[in-house]
Number of protein chains: 2
Amino acid sequence: MSLPHALLGLLATEPRSGYELSKELAEGPVGRFAWKAGHTSVYPELNRLLGKGLIADRGEGPRGRRTYAITDAGRRELRSWLMDDPVGPSKMRNEPVLRMFLLSVLDPDDAITVLRRVIDHVDTEAAELRRARAPYGDTVPPGPEGFGHIAAEFGVRVDQTVREWALWAIDQLSRHRSTP
Amino acid sequence: MSLPHALLGLLATEPRSGYELSKELAEGPVGRFAWKAGHTSVYPELNRLLGKGLIADRGEGPRGRRTYAITDAGRRELRSWLMDDPVGPSKMRNEPVLRMFLLSVLDPDDAITVLRRVIDHVDTEAAELRRARAPYGDTVPPGPEGFGHIAAEFGVRVDQTVREWALWAIDQLSRHRSTP
DNA sequence: GATTGACATGTCGAAAATGACACGTAGAGT
DNA sequence: ACTCTACGTGTCATTTTCGACATGTCAATC
């Protein structure tokens with residue numbers, strides 16, 4: 001049940017609409033690396049948060065667009081979730097990683113084919129993230145921009161790690177193939 | 001809907017009981033980094049797979065323990081899931097990473113507190129994984145052991161990446177604190 | 001011989017997520 | 001004027017997952 005906290009966290013940096021939140025959770029760095037959700041989950045959850053007084057409606061914009069902002073109660077809830085909760089084992093779903101774990105059941109040639117695909121994918125993704133991060137250079141700006149910058153940095157690093165691991169795995173699997 | 005594939009993948013390396021599968025998906029490397037599930041999801045899913053003929057019952061052991069093995073149909077299903085499906089954006093839930101993304105909403109001191117906790121956690125985890133990996137040295141053994149080895153290697157590398165990223169993030173946040 | 005703890009499998013109701021469908025709007029290009 | 005695309009919000013039925021509860025076994029320790 002982390003979706004409400006994801007929404008509170010995004011709204012804590014700056015007010016956004018349900019549409020923008022959905023975009024971030026469906027395609028943005030947060031959705032890709034942390035918590036993916038479609039708009040069909042986001043809108044009902046926003047209404048729940050509204051009911052609990054954790055967010056507030058900031059009136060309507062152009063096409064029925066409604067912008068939400070976090071309230072003080074929302075901030076308190078978010079802070080206690082981040083600070084008081086233990087770090088312990090928690091919810092985890094990562095389909096790409098699952099695929100990679102299961103790769104060893106394929107014969108080495110097939111596994112290598114898939115690993116190459118994985119490498120292409122993380123390369124593309126890392127390039128996108130670098131573009132998103134580019135305007136700020138090497139230092140994290142304070143405020144809302146810093147948020148995205150730190151997230152993007154995380155993505156780039158994880159992608160790089162996956163890439164190297166995949167290459168290592170290819171090498172290991174190749175050895176099995178060449179020396180049966 | 002990746003749980004069935006996770007189970008098929010584990011059973012593809014060697015036959016296991018529902019209990020063992022549950023353990024792996026709840027606490028093992030697969031559960032931690034790829035797809036977490038409790039026994040209450042595993043047992044019903046095993047019966048579903050049994051009904052579809054993707055796994056087979058290998059008779060009873062000591063305390064009502066029943067061991068399952070993957071069938072040829074199961075292997076075909078697993079292979080096509082791994083090979084035919086696109087790598088594209090897929091299911092993703094990662095509560096620890098979500099927490100880290102949201103850290104920037106805390107004041108720097110609080111954020112640093114949590115980041116230190118995160119570092120402790122990944123250090124502990126990485127140490128466990130290294131222990132699990134230790135018996136095999138630096139080379140991946142063929143067969144079922146190789147599976148666990150490659151998974152553990154992935155875990156160690158990701159933990160290391162998270163660690164370095166967290167340190168980097170602390171540094172960045174510290175700058176904001178010292179130069180307001 | 002009793003107790004404890006890991007082993008082992010399940011059900012069931014509540015909560016959450018997914019996918020399909022539905023509807024309307026503003027702007028940009030042709 | 002027309003069309004296309006992205007914007008923008010929602011419902012609803014189905015599927016998945018979670019947490020609580022239930023039940024019993026085997027081995028080791030006290």
Side-chain angles (χ1 to χ4, degrees), chain A residues 1-8 10-11 15-28 30-32 34-52 55 57-68 81 85 88-95 98, chain B residues 1-8 10-11 15-28 30-31 34-52 55 57-68 81 85-86 88-95 98:
Chain A
M1 213 184 72
S2 302
L3 175 59
H5 297 113
L7 295 172
L8 287 174
L10 288 169
L11 292 176
R16 297 166 205 238
S17 68
Y19 186 79
E20 286 172 312
L21 291 165
S22 300
K23 266 285 157 78
E24 179 59 36
L25 290 178
E27 303 160 36
V30 176
R32 284 217 259 244
W35 202 271
K36 186 169 178 173
H39 76 279
T40 57
S41 305
V42 170
Y43 289 119
E45 186 61 45
L46 284 172
N47 287 323
R48 245 168 281 160
L49 291 170
L50 211 48
K52 286 184 188 168
I55 62 175
D57 195 325
R58 280 260 195 270
E60 283 203 18
R63 336 166 191 208
R65 171 201 181 94
R66 262 171 301 113
T67 304
Y68 299 97
W81 182 70
D85 255 24
S90 32
K91 283 143 201 169
M92 176 61 76
R93 296 284 151 76
N94 192 324
E95 203 178 276
L98 176 62
Chain B
M1 213 185 71
S2 303
L3 175 59
H5 296 113
L7 295 172
L8 287 174
L10 288 169
L11 292 176
R16 297 166 206 239
S17 68
Y19 186 79
E20 287 173 312
L21 292 164
S22 300
K23 267 284 157 80
E24 179 60 37
L25 291 178
E27 303 160 36
V30 176
W35 202 270
K36 186 169 178 172
H39 76 278
T40 58
S41 304
V42 170
Y43 289 119
E45 187 60 46
L46 284 172
N47 287 323
R48 245 167 281 158
L49 292 171
L50 210 48
K52 286 185 188 167
I55 61 175
D57 195 327
R58 279 263 195 268
E60 283 204 17
R63 344 173 182 198
R65 171 200 180 95
R66 261 170 302 111
T67 304
Y68 299 97
W81 182 69
D85 255 22
S90 31
K91 282 143 200 169
M92 176 62 76
R93 297 284 151 76
N94 192 325
E95 203 179 276
L98 176 62

Distance, rounded to the nearest Å, where [X] contributes [atom1] and [N] contributes [atom2]:
X	N	atom1	atom2	answer
B:L7	D:dT16	CG	P	13 Å
B:L46	D:dT17	CG	P	13 Å
A:R93	D:dT15	CZ	P	18 Å
B:L25	D:dC18	CG	C1'	15 Å
B:E45	D:dT15	CD	P	13 Å
A:E60	D:dT9	CD	P	9 Å
A:M1	C:dA14	CE	C1'	13 Å
B:L21	C:dC7	CG	P	14 Å

So does [X] get a side-chain nitrogen or oxygen closer than 4.0 Å to the phosphate oxygens (OP1/OP2) of [N]?
X	N	result
A:Y19	D:dC7	yes
A:Y43	D:dT9	yes
A:R63	C:dA26	no
B:R66	C:dG10	yes
A:K23	D:dA6	no

Any carboxylate oxygen within less than 4.0 angstrom of a Lys/Arg side-chain nitrogen, looking at B:E20 and B:R65?
yes
Sidechain N-carboxylate O distance under 4.0 Å for B:R48, B:E45
yes
Nearest-nucleotide wise, let me know which of A:S41 and B:T67 is further upstream toward the 5' end of DNA chain C.
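Comparing both residues, the 5'-ward one is B:T67.
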By nearest heavy atom, map A:L3 and B:G18 onto DNA chain C; which one lands nearer the 5' end?
B:G18
If you go through the side-chain atoms of A:H39, does one of them form a donor-acceptor pair with the base of D:dG10 closer than 3.5 Å?
yes
Partner set under side-chain contact (heavy atoms from CB on, under 4.5 Å) for B:A6, not counting sequence neighbours
A:L98, B:L25
For A:S22, the option from A:L46, A:V42, A:L7 that meets side-chain contact (heavy atoms from CB on, under 4.5 Å):
A:V42
Determine the sole option in A:M1, A:K91, A:H5 for which the side-chain contact (heavy atoms from CB on, under 4.5 Å) test with B:E95 is passed.
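By the side-chain contact (heavy atoms from CB on, under 4.5 Å) criterion, B:E95 pairs with just one of A:M1, A:K91, A:H5: A:K91.
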Can you identify which nucleotide, out of D:dT9, C:dA8, D:dC18, has its nearest atom closest to the B:R65 side chain?
C:dA8
